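Have a look at the structure below, then the notes.
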Protein chains: 2
Amino acid sequence: MPRTLITHPTDLTGNGTHTREYVLFKELKADELDRLSSLSKIKILSEKQYLLSQYSPALQVFNIASGIALIERIASNGDRQVLAFIFPGDFVGLTQSEHFEYGVKCITEMQAYAFKRSEFTALTEAIPQLKKNVSDIGANVLARALDQVFILGQKKAEERLCFLFLQLLERLPGATPDYIHLPMTRQDIGDYLGLTVETVSRALAKLKKEGLISIPSPHILKIEDLDGVTDLGEVE
Amino acid sequence: MPRTLITHPTDLTGNGTHTREYVLFKELKADELDRLSSLSKIKILSEKQYLLSQYSPALQVFNIASGIALIERIASNGDRQVLAFIFPGDFVGLTQSEHFEYGVKCITEMQAYAFKRSEFTALTEAIPQLKKNVSDIGANVLARALDQVFILGQKKAEERLCFLFLQLLERLPGATPDYIHLPMTRQDIGDYLGLTVETVSRALAKLKKEGLISIPSPHILKIEDLDGVTDLGEVE
DNA sequence: CGATGCTTTGAATCTCGTCAAGATGTGTGG
DNA sequence: CCACACATCTTGACGAGATTCAAAGCATCG
């Protein structure tokens, strides 16, 4: 059982510049953090492993300590939609249903704090601030899902990519316009943005040709024209 | 001030077959309903009016008593995404932010109960069951948004239409496979499914030709092959 | 019954997907 | 450290699906 919980993702990354408003631990007092801590078990996973599996019983909830993952839904015909990328500090697994309707797959090695769902829910009742945080996180998740609906419904390939870049800038620890390490594959990106790998690759090439970005190596991205990228990718 | 609140949409439609699990009033006691009722003001709107406007201050929340509406988000360039259709019994307007990020536009004439957001939130704290209902509704809204992400990311025009048909069957009061009255325009459908009006029209024609549906008049839909429609439109 | 708005259909164009090949990276064992 | 194998990424040619622009058919409502 861990003695201390990491209370802020910046503690992990050493990056103090990111503002993370939707965090499980927000404004909790020391004793409340202790109670949370005492209920958590750390879980360590390597890349490509599943933190939780679609259709498995929803018995646990998780708070990501380190690493990057994605949330995916796979249909019976094999169609795969990536619903979100998740980052340190994110909270996943809370659902009203008995089983998870999605899987969470690690993109990198990962450390996460696991809570028994029942215990976590009980604690949520005992600590109003925690309950509020969970509800804020839920609202934030919804807001991002609606953004995704918007770009999938309205935008073209290049615009969708720019949308992703902006999200990464905001949420990926350590990301700056000069250097974004893309931990996910082109396939992951495609499945997130509703595109094929080939289209992702071509759209990247086009953005590069237009001088908006450069790609020193396949998983390193530099934004050359942030205003241009923002124009294409922003949701309103 | 209204004396009684309608406690279930079936009270309105006279249709007792629809199961509405995510309803604001669920399992509230008589005195709790009274308190809710005493805070509500009925609001009557005609078609094309806005129950609430994008970017306006989020001072009220609403429970739909009768009528049909849609939730839309309009970008500065005029792109419009319909985020959802809403029906009697639905609850809209609760957000964490100061302003609404979306508008709610009536498709038909509408009656809705309006609550001051502050008063509603206070009541939510006083009545745990009400708070639970609100949170269940939120979870349901998220689940539907994720379905929409999946559809927009993975499916073709005809499949998207079938997805809509199934949703209408489930949620539109009075809808049966033999007779679905489509209250929205082709434009609304297109903006919901990420398609143009023309594509909607053509996809409908194709589904008709394939014998899956028939369209006796532009706003009346009959599902001829429910299994076929289900195969195309279901989310997993 | 005529006017207006909505819906359908047609033709050209464009974007994206599919299939296929080649290039680049990554990881492994020698 | 190199060589090889496998996975990932890129690029090309082609085709399918969706959009655009334009015009014609239908509803609906005064």
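Just so we're clear, the structure is a prediction, and the values are computed from it rather than from any experiment. Naming convention: chains lettered A, B, ... in sequence-line order (proteins, then strands); numbering from 1 in each chain.
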### B/Leu94 versus B/Tyr102, closest heavy-atom pair with distance
O-OH, 4.1 Å
### Message
Measure NZ/B/Lys156 against P/D/dA16 and give the value in whole Å, please.
### Response
11 Å
### Task
Grab the two heavy atoms, one from B/Tyr55 and one from B/His99, that are nearest each other, plus how far apart they are.
O-ND1, 3.0 Å
### Task
Send over the distance from A/Glu159 CD to C/dC16 C1', rounded to a whole Å.
14 Å
#### Entry: Rounded interatomic separation in angstrom, taking CD from A/Gln187 and P from C/dG17
11 Å
### Query
Is the phosphate of D/dT8, meaning OP1 or OP2, less than 4.0 Å from a side-chain N or O of A/His219?
no
## Note on the structure
So, with a heavy-atom separation below 4.0 Å from DNA chain C, the residues of residues 191-205 of chain B are B/Glu198, B/Ser201, B/Arg202, B/Ala205
### Message
Return the CD1 to CZ distance between B/Ile86 and B/Phe62, rounded to the nearest 0.5 Å.
### Response
10.0 Å
### Task
Check the angle between the aromatic planes of A/His181 and A/His219 and answer parallel, tilted or perpendicular using the 30° and 60° thresholds.
tilted
### Task
Answer yes or no: is there an ion pair linking A/Lys105 with A/Asp188, defined by an N-O contact shorter than 4.0 Å?
no
### Task
Provide, to the nearest angstrom, the distance between the CD1 atom belonging to B/Ile107 and the C1' atom belonging to C/dG5.
17 Å
### Message
Both A/Arg160 and A/Ser217 contact DNA chain C. Which one's nearest nucleotide lies toward the 5' end?
### Response
A/Arg160
## Note on the structure
Separation of C/dT9 atom C1' from B/Arg186 atom CZ, nearest Å, is 14 Å
### Task
Would you mind reading off the distance between A/Leu182 atom CG and D/dT8 atom P, rounded to a whole angstrom?
16 Å
### Query
Starting at the 5' end of DNA chain D and moving along, which residue's nearest nucleotide shows up first, A/Gly153 or A/Pro218?
A/Pro218
### Task
Nearest whole angstrom, please: distance from the P of C/dG17 to the CZ of A/Arg80.
15 Å
### Summary
Interatomic distance, CG@B/Asp225 vs OG1@B/Thr230, rounded to 0.5 Å, equals 8.0 Å
### Summary
In whole angstroms, the gap separating C1' of D/dT10 from CD1 of A/Ile189 amounts to 14 Å
### Summary
CG (A/Asp90) and CZ (A/Phe87) are apart, to the nearest 0.5 Å, by 7.5 Å
